[in-house]
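Accompanying notes for the structure given below.
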Amino acid sequence: MPELPEVETIARGLAQRVRGDRIESVWLGSKPEPLKSPAVEIQATLERARIAGVRRVGKHIVFDLDSEGARRQWIVHLGMTGRLLVARPESELPKHTHAVLRLASGRELRFVDPRRFGRLSVVHDEFAPDGHEPMDIGFELFAGLFRRRKTPVKSALLNQKLLRGVGNIYADESLFRAGVRPRRHAGRLTRQELRRLYKALQRVLNQAIKAGGSSISDYVDAGGEEGLFQFQHRVYGREGEPCLVCKTAIKRVVIAGRSAHYCPNCQS
DNA sequence: ATACCGACCTGTCAGC
DNA sequence: TGCTGACAGGTCGGTA
């Protein structure tokens, strides 16, 4: 569900709400749980730890923990439908709740995920997945990621080992703004096209973060607020509707199993 | 090494 | 009303 702007919004909201709080106890649901680390290890790491900060890395939410001087990190990936909610303990537990952390402040931090694509893990050293942060990478490095790749540029944008945090919405939206068709071979983009894509991607991510992300069906931030960037989508979810620039009908095709939206006139 | 494609899950919505 | 199929913000592992 959430891509970089949504995860960034959620992480900022969580940081405001739970930074400095202490985790008193941890409940993990039974069944095949979405855990990448053993349940006992997650329990042991989280219990009694103080939340020193919350931040985003790619599409991951990173809780920096301080447990008796030791630095640990709790990593949450929300998958498609995952949510992290701060709630009063007496409020009803939503269906598909897979983890509940009781905080010293008396509140609960709940992980809810109907489709179970989300993942929880803990790491002891610095969490450093592959891929570059699209907002931090320089242009030369960015251009180098695409060099000699035969894969469609859309797929390259979604590849988290190259850039981390870009998902289906922002890949389509940045390709539209750059005037590049999603099926173009990544390695065949001209330098000028790469330059446009680089700028478009950074701009669209920044604008989306300012808008609090895109809310489609059920995304809300840590405070239950909906994002507003869906109103600025120009191609994503607009199949058959007129291009906002030239009125041509927006097309939807499938690339590597994911839908891709583009304007056949504006993108070449 | 690289690139597709199904699998993993549940929910929703359109069409019949 | 109810059934079926398509589709959904993501990632992984197997295969070609």
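Numbers restart at 1 for each chain; the letters A, B, ... are given by sequence-line order, proteins then strands.
- Using modelled atom types and a 3.5 Å distance limit, the side chains of A:Ser105 and A:Arg107 yield a donor-acceptor pair.
- The aromatic rings of A:Phe146 and A:Phe142 sit tilted relative to each other, their planes meeting at an angle between 30° and 60°.
- Between C:dA6 and B:dG6, the two P atoms lie 13 Å apart (nearest whole Å).
- Residue contacts shown for A:Gly257 are absent, as no nucleic acid heavy atom lies under 4.0 Å away.
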For DNA chain C, the dot-bracket pattern of Watson-Crick and G-U pairs whose distances stay under 3.5 Å, | for other-strand partners: .|||||||.|||||||

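- Summarising the geometry, the separation between CZ on A:Arg148 and P on B:dA3 is reported as 12 Å, rounded to the nearest angstrom.
- The side chain of A:Thr81 contributes no N or O atom lying less than 4.0 Å from OP1 or OP2 of C:dA8.
- A:His233 and A:Tyr170 have perpendicular rings, their planes meeting at more than 60° on a 0 to 90° scale where under 30° would count as parallel.
- In this structure, NZ of A:Lys161 is placed 9 Å from P of C:dG13, rounded to the nearest angstrom.
- The two residues A:Arg72 and A:Ser67 come nearest to each other via the heavy atoms CG-OG, 4.0 Å.
- The CG atom of A:Leu158 sits 12 Å away from the P atom of B:dC4 (whole-angstrom rounding).
- Looking at A:Asp113 and A:Leu78, their side chains never come closer than 4.5 Å, going by heavy atoms from C-beta outward.
- Look at A:Gln160 and you'll find a side-chain N or O under 4.0 angstrom from OP1 or OP2 of C:dT11.
- Within the 4.0 angstrom heavy-atom criterion, only backbone atoms of the sugar-phosphate kind lie near A:Lys95; the bases stay farther away.
- Of all nucleotides listed (B:dC9, C:dG10, B:dC4), B:dC9 comes nearest to the side chain of A:Arg116.
- Placement of A:Val26 and A:Leu109 within a single hydrophobic cluster is found when ILVMFWY residues are connected by side-chain heavy-atom separations under 4.5 Å, directly or transitively.
- A:Leu4 has its CG atom 11 Å from the P atom of C:dT11, to the nearest Å.
- A close approach under 4.0 Å does occur between a side-chain nitrogen or oxygen of A:Arg252 and OP1 or OP2 of C:dC7.
- Within the nucleic acid shown, A:Pro129 has no heavy atom closer than 4.0 Å to any nucleic acid atom.
- Looking at heavy-atom distances under 4.0 Å, A:Arg149 makes contact with sugar-phosphate atoms alone, never a base.
- Rounded to a whole Å, the CZ atom of A:Phe146 is 15 Å from the P atom of B:dT2.
- Note on A:Ser214: a base of the nucleic acid sits closer than 4.0 angstrom, heavy atoms only.
- Phosphate proximity of C:dT11 to A:His77: present, with a side-chain N or O under 4.0 Å from OP1 or OP2.
- The two atoms that bring A:Leu46 and A:Ile23 nearest to each other are O-CB, 3.3 Å, heavy atoms only.
- Stacking between A:Phe117 and C:dT11 is absent: the aromatic ring centre is not both under 5.5 angstrom from the base six-membered ring centre and within 30 degrees in plane angle.
- Whole-Å rounding puts the A:Asn159 CG to B:dC4 P distance at 11 Å.
- Across all strands shown, A:Tyr170 has no heavy atoms under 4.0 Å from either base or sugar-phosphate atoms.
- Listed pair A:Lys59 / C:dG10 meets the phosphate criterion, a side-chain N or O lying under 4.0 Å from OP1 or OP2.
- Atom CD of A:Glu239 and atom P of C:dA8 are 9 Å apart (whole Å).
- Between the OH atom of A:Tyr236 and the P atom of C:dG10 there is a distance of 8 Å, given to the nearest Å.
- At the phosphate of B:dC9, neither OP1 nor OP2 sits under 4.0 Å from any side-chain N or O atom of A:His96.
- Side-chain N/O atoms of A:Arg115 and base N/O atoms of B:dC9 include a donor-acceptor pair closer than 3.5 Å.
- Within a 6.0 Å sphere centred on CZ of A:Arg17, other residues, nucleotides and ligands contribute more than 12 heavy atoms.
- Heavy atoms from other residues, nucleotides or ligands lying under 6.0 Å from CD of A:Glu126 number more than 12.
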